[in-house]
Amino acid sequence: MEMEKVYNPKDVEQKWYKYWIENKTFAVKPDSIRKPFTIVIPPPNVTGSLHMGHALNNTLQDIIIRFKKLQGFNTCWVPGTDHGGIATQNVVEKLLKKEGKTKYDLGREKFLETMWQWRVETGDIILDQLKKLGCGLDWDRTAFTMDEERSKAVKKAFIKLYGKGLIYRGKRLVNWCTRCGTALSDIEVEHENEKSSLWHIKYPLKNSDEYIVVATTRPETMLGDTAVAVNPNDERYTKLVGKTIILPLVNREIKIVADYIVDQTFGTGAVKVTPAHDATDYEIAKRNDLEIIEIIDTKGKMMNVPGKYEGMNVADARKAVVEDLLSQDLLINTEEYSHSVGRCYRCGTTIEPLMSEQWFLNVGEMSKRAVDAANKEETKFYPPSWKKPYVLWLENLRDWCISRQIWWGHRIPVYYCVDENGQKKTDCKPVAAFETPKECNSCKGTKFSQDEDVLDTWFSSALWPMSVFNWGSNENNEDLKYFYPTSVLATGHEILYLWVARMVQFGLEFMNEIPYNDIFIHGIVRDKSGKKMSKSLGNVIDPLGTMDKFGTDALRFSLAQAAAPGRDMQISDESFLAARNFANKIWNASRFIIMNLEGIGGLGEVKPSELADEWIIAEFANTAKKVKSSYESYDIDTAARELYDFFWTKYCDWYIELSKIRIMSEDKEVKKQVLSILVYILKGTLQLLSPIMPFITAEIWEFVNGNYELRITNYESTATDVRQIIAESSFLPVIARSDTDTAIQEMSVVQEIITRIRTIRSEMNISPAVQIEAIFNVLDGSKKANVQNNASYIKQLAKISSIKFGENIARPKNSALAVASGFEIFLPLEGLIDIEKEKARLSKEIVLAQQEIERTNSKLQNDNFVKRAPEIEIEKIKARLSEATTKIEKINESLKFLG
RNA sequence: GGGUAUGUAGCUCAGCGGAAGAGCAUUCGCCUCACACGCGAAGGGUCACAGGUUCAAACCCUGUCAUACCCACCA
């Protein structure tokens, strides 16, 4: 079976993923010998289809999992999806709307049926797309936050917290989305700056001509004012505190109160207080024992207000109030003003703070424990800079509003004892339970109604690392014991608080143990111009399209290469193209080697026989070490770049080129010897690269091993005896050598010489077909042997016909000069040389050498440097100085010679 | 108001105490028996600015200025 000239990813990818699935390559069970390495996927919403953010997130996880597998860990990566609460309900509501229906037309039960049906039809799309990405997930463990097992976990967690008294119900000021018709938690509100106005309004004092001026961005809420507040230290208002105001338009009597929170410098220093619709005002009201009047209902309409305004929506009410104030001469001025407005993170509607009866979770103790864990480095951040904001957030956390007034989600498992008419019996205590209770504990009644609300979708997400291992049905099961705590959580920073922090809190609460040791925070994928990708901007790049066009490995490589921990990245076709070219380079280098394996009767031992061999083995050892430690610390970008550089520049451009002399050799043993090394380095590199580019490396691996007939064409499950590239503990041993540095140093001398000759060839426009002669005038005898021994390299790569060595050789006529690493190299170029060009070239080199002399001299003349710098450093500088001096000397001689 | 990052070649980014690097783009030469998705070579940078520490700073410290994101009870 021949390899194609250009790598064609499509067939290869399909074949291999199918093979992995059919052979259960990623299926895993607890194992008493091997250590586990576990990741739970950040479950994408069932609404979603794969976007670049998912592609990045899952590529990184897959890289980590595959690397750990190679290292010998029993790796487990659990897939799944999130029911996505409000977001998902909104999608289905929109579909209904197209048919001209609302969820109320269907009713709760029918609507949920529709939702489930829709979920069954579309919910797994994203999982299939993850397969296309090549993710090594254990599909047998696929979980869904609303499946039976996960639902059990949710109920169990709720009941436990309820039993501890940490969950309570209360009427509080909450964030309300009038469109979604539900309360939201504090972090589900997104703040955005918006241009608006600051209205200055006169509030007349009772029985007086005096008035106090308040400034507000929400004039319509004045209808619900129950006080005006000033700062107790504000001398302007000291004598007004305690006085009564007649609230305009409403004619209610309200008091002027003093409260420290009022900023004297803002506006007029006097604040109207609307406790029912503003968080600050609510606190002022609590401190000052003020009445709370609700004037906006859950639909965003005015209520409990003078008839004229009753039923108006907020925006209309604002206009009306402003007009009325104006006509009564109570509006002093309107200032342009920009302030931040809260919006629903799911639909963008302006949030209305209002009083509502909700379920809350007291998170005080859990937060403290999470902070402790972070401070003790039990949860460790990559990069560490995320720790501080994380801790700060936890420390200032308020109780979590966990109830939502939607239908899609986990219904709150609280049951109320009701009478014949379905009315709640106030004397009987509500019960939290897995199922409807049989009998009321206090009145022995048998009729119950379940709480109408559902839980915040993030409540079930917070249980994910436990619930996927069936914590819900059995706390002591083997999987949970073995895989929990998981090893690392990889995610973008946008859900650090929403999800990551809460998993830690719940993990500590229920398992008494953090859910993961490492928190790997990666950046956000941006477009070419640095903008966040979004549908509305029309700048999204579809990863599926990218995979089709450039190949999955190319997509993965370009994401990996850009994924420095914590940093956002810009992605475009150019980066995919570069990665695709890399894949093709790997393919062709491998193809070249594989072609040459034919007929050599197997490979031999890896035994270096000359400098290039020593050198590439040394370089590979260095690369392998760096790459492994980079994977280890989630510096995936570094690993990718190291491999790219090593493979392309060192392996292909130098080693393969140098090996060609021996590959073409008539002597079979010589050929075999060099191919053994070529294959060893190739296989080693493929393995190190396989976490990032699993498909192409797997395919080539089989070709190299000569297994491709078996594996690729009819790989039926019987072929399991052949070790795959991604088998556990299959890292090839890295040959470390004691003389690593010597080989690298000696090689660099040869490389420098080759490069300098090539430069001359290029600048003198000498066709590659023309072989030229080189004369080496040895300046530094210690380097002679090395270069002489490797003269064939110079001949091969610099296209030199013959090399002469000598001492005190004068520059031949019409020759070009290169001074490098202890040699003066003359290239006789009779009829080819352009004397003027040569002069210009040499003059330029002199300038550079001159600068070098100045730099090094000034250092050596600095007493402090000579006294305090380490010996090695001083030696280096001296060497540089002498090299530059020789160079100038030699070039000057030549210039004189040229006339 | 507080916090966190980031400012290095035209673009995307590495480097984080001892001579400024890569890829793409540009220019020149090559269809060299693996690859034109390629090979060889060249040009291109007061490493945001100002101080400081150090024999030595793109790298450490301080401040300033940009940019991005996050948090906050900006009426």
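Both backbone and side-chain heavy atoms feed into the values below; hydrogens, waters and symmetry mates do not.
- For V271(A), the side-chain atoms get nearest to A75(B) when compared with the rest of C39(B), A75(B), A5(B).
- Taking the six-membered ring for Trp and the full ring otherwise, the centers of W386(A) and Y390(A) sit at least 6.0 Å from each other.
- If you check every strand for non-hydrogen atoms under 4.0 Å, R287(A) touches nothing.
- Residue contacts for E852(A): at a heavy-atom cut-off of 4.0 Å it reaches a base atom on one of the strands shown.
- Within 4.0 Å of V262(A), counting heavy atoms only, lies at least one base atom of the nucleic acid.
- Spacing between A58(B) and G51(B) at atom P, rounded to whole Å, works out to 14 Å.
- Comparing G40(B) with C33(B), their P atoms sit 14 Å apart, to the nearest whole Å.
- No donor-acceptor pair closer than 3.5 Å links the side chain of T274(A) to the backbone N or O of A276(A).
- Using a 4.0 Å cut-off, no side-chain N or O of R855(A) falls inside it from OP1 or OP2 of A19(B).
- Side-chain N/O atoms of S185(A) and E188(A) include a donor and acceptor closer than 3.5 Å.
- Taking only side-chain nitrogens and oxygens, T759(A) comes nearer than 4.0 Å to OP1 or OP2 of A42(B).
- Side chain K859(A) to base A19(B): no donor-acceptor pair is found below 3.5 Å.
- For the C1' atoms, the distance linking A72(B) with C49(B) amounts to 31 Å, nearest Å.
- A869(A) comes within 4.0 angstrom of a base, heavy atoms only.
- OP1 and OP2 of G3(B) both lie 4.0 Å or more from every side-chain N or O belonging to K388(A).
- Residue D863(A) is out of contact with every strand shown, counting any heavy-atom pair closer than 4.0 Å.
- A sub-4.0 Å separation between OP1 or OP2 of A14(B) and a side-chain N or O of R567(A) is present.
- If you check every strand for non-hydrogen atoms under 4.0 Å, Y497(A) touches sugar and phosphate atoms only.
- Heavy atoms of K585(A) sit under 4.0 angstrom from at least one base atom.
- Atom name C1', nucleotides C11(B) and U26(B): the rounded distance is 12 Å, in whole Å.
- Across all strands shown, F582(A) has no heavy atoms under 4.0 Å from either base or sugar-phosphate atoms.
- Checked against the 6.0 Å centroid threshold, F520(A) and Y382(A) do not count as a close aromatic pair.
- Taking side-chain N and O atoms only, R880(A) has a distance below 4.0 Å to OP1 or OP2 of A19(B).
- If you check the side chains of T221(A) and K272(A), you find a donor sitting under 3.5 Å from an acceptor.
- Residue-level contact check: I261(A) touches the bases, meaning some heavy atom is under 4.0 Å from a base atom.
- The side chain of K660(A) lies closest to A34(B) when the candidates are C30(B), A34(B), A75(B).
- Rounded to a whole angstrom, the distance from the P atom of A5(B) to that of C60(B) is 12 Å.
- Taking 4.0 angstrom as the limit, Q570(A) places a side-chain polar atom (N or O) nearer than this to OP1 or OP2 of C13(B).
- Look at R398(A) and you'll find a side-chain N or O under 4.0 angstrom from OP1 or OP2 of C73(B).
- With no hydrogens or angles considered, a side-chain donor-acceptor pair links D225(A) and Y203(A) at under 3.5 Å.
- T755(A) comes within contact range of the sugar-phosphate backbone alone, with a heavy-atom separation under 4.0 Å but no base atom that close.
- When distances run from any side-chain atom of D653(A) to the nucleotides C39(B), A75(B), A41(B), the shortest one goes to C39(B).
- Contact between the side-chain N/O atoms of W648(A) and the OP1/OP2 oxygens of C39(B) is found at a separation under 4.0 Å.
- Using a 4.0 Å heavy-atom cutoff across all strands shown, R526(A) reaches sugar-phosphate atoms only and no base atom.
- At a threshold of 4.0 angstrom between heavy atoms, the contacts of A270(A) include nucleobase atoms, whether or not backbone atoms are also involved.
- Within 4.0 Å of P383(A), counting heavy atoms only, lies no atom of the nucleic acid at all.
- When the nucleotides A41(B), C35(B), A19(B) are ranked by their closest atom to the side chain of E873(A), A19(B) comes out on top.
- Contact annotation: N581(A) reaches the phosphate of G38(B) (side-chain N/O to OP1 or OP2, under 4.0 Å).
- One C1' atom belongs to C30(B), the other to A22(B), and the distance between them is 23 Å to the nearest Å.
- When the side-chain nitrogen and oxygen atoms of H493(A) are compared with OP1 and OP2 of C69(B), none of them lie within a distance under 4.0 Å.
- Comparing the same atom, C1', in U64(B) and in C74(B) gives a spacing of 26 Å after rounding to whole Å.
- Between the base of C35(B) and the side chain of K5(A) there is no donor-acceptor pair shorter than 3.5 Å.
- In this structure, R580(A) reaches the bases: a heavy-atom distance under 4.0 Å links it to at least one base atom across the strands shown.
- Y345(A) and E190(A) share no donor-acceptor pair across their side chains, judged by distance under 3.5 Å alone.
- The backbone N or O of W199(A) sits nowhere less than 3.5 Å from a side-chain atom of S197(A) that would complete a donor-acceptor pair.
- Counting distance only, with no hydrogens placed and no angle test, the side-chain atoms of E657(A) and the base atoms of A34(B) include a donor-acceptor pair under 3.5 Å.
- Checked against A14(B), A34(B), A75(B), the side chain of C652(A) finds its nearest nucleotide in A34(B).
- The nucleotide whose nearest atom lies closest to any side-chain atom of Y644(A) is, among A14(B), G23(B), A34(B), G23(B).
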